[in-house]
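Notes follow once the structure below has been shown.
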Amino acid sequence: MKIATWNINGIKARIDNVVKWLEMAEPDVACLQEIKSADENFPAGRFESLGYNVAVHGQKAFNGVTILSKPPFDDVASGLPGDAKDDQARYLEAVISTADGAVRVATIYLPNGNPVDSDKYPYKLAWMKRLEDHVRDLLEYEEPLVLAGDYNVIPVPEDVHDPEAWAGDALFRPETQDAFRRLVHLGLTDALRACHGEGHQYTFWDYQAGAWQKDNGLRIDHLLLSPQAADRLKRCEIDRFTRGWEKPSDHAPVWIELRL
DNA sequence: ATGTCGATACTTTATCGA
């Protein structure tokens, strides 16, 4: 089973690129972030005609996540528990059945958190704590679990082209990295790190300053796996080529193959 | 040092978020 994550930076602007990539890459499950669309305006029909079931948790203009799945959904839950007042659409989770068992998949658009002296940074850290608490609960099921998304976290200096330039940024602050480590240390496996130890494997290149042409990237899109999913991990890759397309997202898809 | 893009609205240009 092939499971992918991609921050598409707006479904309206990216629909043709997303369809083209789905036809090429043929993931069984695709977790998309930053759809920037209300549920009722999301072009679910385009994906249904490609054979996908569609679960969407959107809002007008900003944020928004979706899961596209060829196998049917058993169960879908919108929103990250832990703060009833949080109305930002950043988390969606589904159980997906296959002939060889079920996998629980979450699509995550973790808050960016910049600027760090605004209320956005404490919101990011609080959101990460809520994610940690929720994942601790999910791990008790002892089932294959894939947490896929744009974490807006650069885990280590080897995940950024110029660590000094990013010092102090909300994606790279020690508090951010500590919160990410606490999540991983619940017992998760960082799939790309497990398959590619060499570092400098980027998933995002800013639109500005020729970042793509210079390979000035960041690794901020991650697939974190429960032990039962990690045991089935065959492969993890980044589809960098989409970043070179016309009208690209600033993020590239990342995908895993599981024996499932 | 600067450089971009997408969505929105009392819309065609400014503002916000990233």
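Note: hydrogens, waters and symmetry copies are ignored here, and every other heavy atom, side chains too, is used. Reminder, nothing fancy here: chain letters follow the sequence lines and each chain counts from 1.
Using a 30° and 60° split on the angle between ring planes, A:Tyr202 and A:Trp205 fall in the perpendicular class, above 60°.
Rounded to whole angstrom, the span from the CG atom of A:Asn63 across to the C1' atom of B:dG6 amounts to 13 Å. Atom pair A:Ile35:CD1 and B:dT8:P shows a separation of 12 Å (rounding to whole Å applied). Going from atom CZ of A:Phe172 over to atom P of B:dA18 covers 20 Å, rounded to whole Å. Distance A:Gln208 CD to B:dT2 C1': 9 Å, rounded to the nearest Å. In this structure, A:Asn41 places its CG atom 12 Å from P of B:dA7, rounding to the nearest Å. Atoms CH2 (A:Trp212) and P (B:dC5) sit 15 Å apart, rounded to a whole Å. To the nearest angstrom, P of B:dC5 lies 18 Å from CH2 of A:Trp245. Rounding to whole angstrom units, CG of residue A:Asn216 and C1' of B:dT2 are separated by 14 Å.
The side chain of A:Tyr207 lies closest to B:dC5 when the candidates are B:dG3, B:dC5, B:dA18. Counting only heavy atoms from C-beta on, A:Lys36 has its side chain closest to B:dG17 among B:dA18, B:dG17, B:dT8. Listed nucleotides B:dG17, B:dA9, B:dG6 differ in distance to A:Lys120; the shortest reach to its side chain belongs to B:dG17. Side-chain proximity of A:Lys12 to the nucleotides B:dT8, B:dA18, B:dG6 is greatest for B:dT8.
To the nearest whole angstrom, the two C1' atoms, one in B:dT2 and one in B:dA7, are 25 Å apart. Between B:dC10 and B:dC5, the two C1' atoms lie 25 Å apart (nearest whole Å). Here the separation of B:dG3 from B:dT8, taken at their C1' atoms, is 24 Å to the nearest Å. Taking atom C1' in both B:dT11 and B:dC16, the straight-line distance is 15 Å, to the nearest Å. For the P atoms, the distance from B:dG6 to B:dA1 is 27 Å, rounded to whole Å.
Positionally, the nearest nucleotide of DNA chain B for A:Ala209 lies more toward the 5' end than for the other of A:Asn114 and A:Ala209. Each of A:Gly10 and A:Phe62 was assigned the nucleotide of DNA chain B with the nearest heavy atom; the assignment lying further toward the 5' end belongs to A:Gly10.
A:Tyr109 comes within 4.0 angstrom of the backbone, heavy atoms only, and of no base.
An OP1 or OP2 oxygen of B:dA18 is reached within less than 4.0 angstrom by a side-chain nitrogen or oxygen of A:Arg90. OP1 or OP2 of B:dA9 sits under 4.0 Å from a side-chain N or O of A:Lys60.
In this structure, the side chain of A:Asp159 does not engage the main chain of A:Arg219 through any donor-acceptor pair within 3.5 Å. Remark: side-chain polar atoms of A:Tyr121 are not paired, donor with acceptor, to backbone N or O of A:Asn114 under 3.5 angstrom.
The minimum heavy-atom distance linking A:Ala252 with A:Thr242 is given by the pair CA-OG1, 3.9 Å. Between A:Asn9 and A:Arg14, the closest heavy-atom pair is O-NH2, 3.0 Å.
In this structure, A:Leu223 CG and A:Leu147 CG are separated by 9.0 Å, a value rounded to the nearest 0.5 Å.
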